[in-house]
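One is the number of the first residue; the rest follow in order along the sequence.
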Amino acid sequence: MRETSKVYTTCAAETEQCGAELAKLLLQDATLPRFVALFGDLGVGKTAFVRGFASVVTPGAAVRSPTFSLVNEYPARPLSLFHFDMYRIESEDDLLSIGFDDYLMRDGFCLTEWSENILEFIPTECVRVTIEKDDIENTDHRRITICFCKEGA
């Protein structure tokens, strides 16, 4: 099953709000995937989206891009948040060296920036979020496409 929706935002705060709304939805419905694969170019707002998501799951967390650490963990209840930056991942060995498989087995949400670099490792059941600049005249305008992918569809 693939269910897709599009959201348009005009500032970082609205992109964060979109992330917060997705977090609320995933927390309310345990049948939805806990893996969120983020796609988009540099500077489109992937970290802002994660910051909004975290505001619901781990209120008060100081979310920053895990560019150099590759993964930031934000412990919370009922579910923790594991925020990955896959920009520097070039091979399966790179991915395994950060314990990616271990995080997938833990009870929490996994959000991965630069999911383009790990396409073959994205779980079949996931939420795919693509963020794109869609207005040359307004550089803050974004189109956010959210696709719920479930096995057996």
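Minimum interatomic distance between V63 and A54 (heavy atoms only, all atoms of both residues): CG2-CB, 3.4 Å. Minimum heavy-atom separation, C149 to R128: SG-CD, 3.7 Å. Counting all heavy atoms, side chain and backbone alike, D94 lies closest to R88 at OD2-O, 3.9 Å. Smallest separation of non-hydrogen atoms from R142 and V44: NE-O, 2.6 Å. Contact between L25 and L32 at its shortest, heavy atoms only, is CG-CD1, 3.8 Å. Scanning all heavy atoms of the two residues, the minimum distance from A20 to V56 falls at O-CG2, 3.5 Å.
Taking CZ of F82 as the start and OG1 of T112 as the end, the distance is 13.5 Å to the nearest 0.5 Å. In this structure, the separation between OG1 on T10 and CG on N138 is 7.0 Å, given to the nearest 0.5 Å. Expressed to the nearest 0.5 Å, how far CG of D107 lies from CZ of R77 amounts to 11.5 Å. How far CG of L95 is from CG of N117: 10.0 Å, rounded to the nearest 0.5 Å. Taking CD from E14 and NE2 from H141, the interatomic distance works out to 8.5 Å, rounded to the nearest 0.5 Å. Distance check, rounded to the nearest 0.5 Å: SG of C126 to CG of L111 gives 11.0 Å.
Side-chain contact between V71 and F100 is absent, with no heavy atoms from C-beta onward closer than 4.5 Å. Within the 4.5 Å cutoff, the side chain of P78 has heavy atoms near those of the L27 side chain. At least one side-chain heavy atom of V36 sits under 4.5 Å from a side-chain heavy atom of L26. Put simply, the side chain of I98 reaches to within 4.5 Å of the side chain of F84, judged on heavy atoms. The shortest distance between side-chain heavy atoms of Y8 and D134 falls below 4.5 Å.
More than 12 heavy atoms of other shown residues, nucleotides or ligands fall within 6.0 angstrom of atom CD in E120. Atom CG of L42 sits in a sparse spot, with 12 or fewer heavy atoms from other residues, nucleotides or ligands closer than 6.0 Å.
For E132, the salt bridge (charged side-chain N to carboxylate O under 4.0 Å, His left out) criterion is met by R143, not counting sequence neighbours. Remark: S97 engages no residue in a side-chain hydrogen bond (donor to acceptor under 3.5 Å, both in side chains) (not counting sequence neighbours). The ring-ring contact (aromatic ring centres under 6.0 Å, His included) test applied to F39 returns no partner, not counting sequence neighbours.
Linking ILVMFWY side-chain heavy atoms closer than 4.5 Å, directly or via other members, places M105 and I122 in two distinct hydrophobic clusters. By the criterion of side-chain heavy atoms lying less than 4.5 angstrom apart, applied directly or through intervening Ile, Leu, Val, Met, Phe, Trp or Tyr residues, M86 is not grouped with L96; the two fall into different hydrophobic clusters. Hydrophobic clustering (side-chain heavy atoms under 4.5 Å, transitive across Ile, Leu, Val, Met, Phe, Trp, Tyr) keeps I144 apart from I136.
A donor-acceptor pair is defined here as one N or O able to donate and one able to accept, closer than 3.5 Å; such a pair exists between the side chain of K46 and the backbone of D41. A donor-acceptor distance shorter than 3.5 angstrom exists from the side chain of S115 to the backbone of L38, with no hydrogens or angles considered.
A donor and an acceptor atom, one from each side chain of N72 and H83, are nowhere located under 3.5 Å apart. Side chains of S80 and E73: no donor on one and acceptor on the other come within 3.5 Å.
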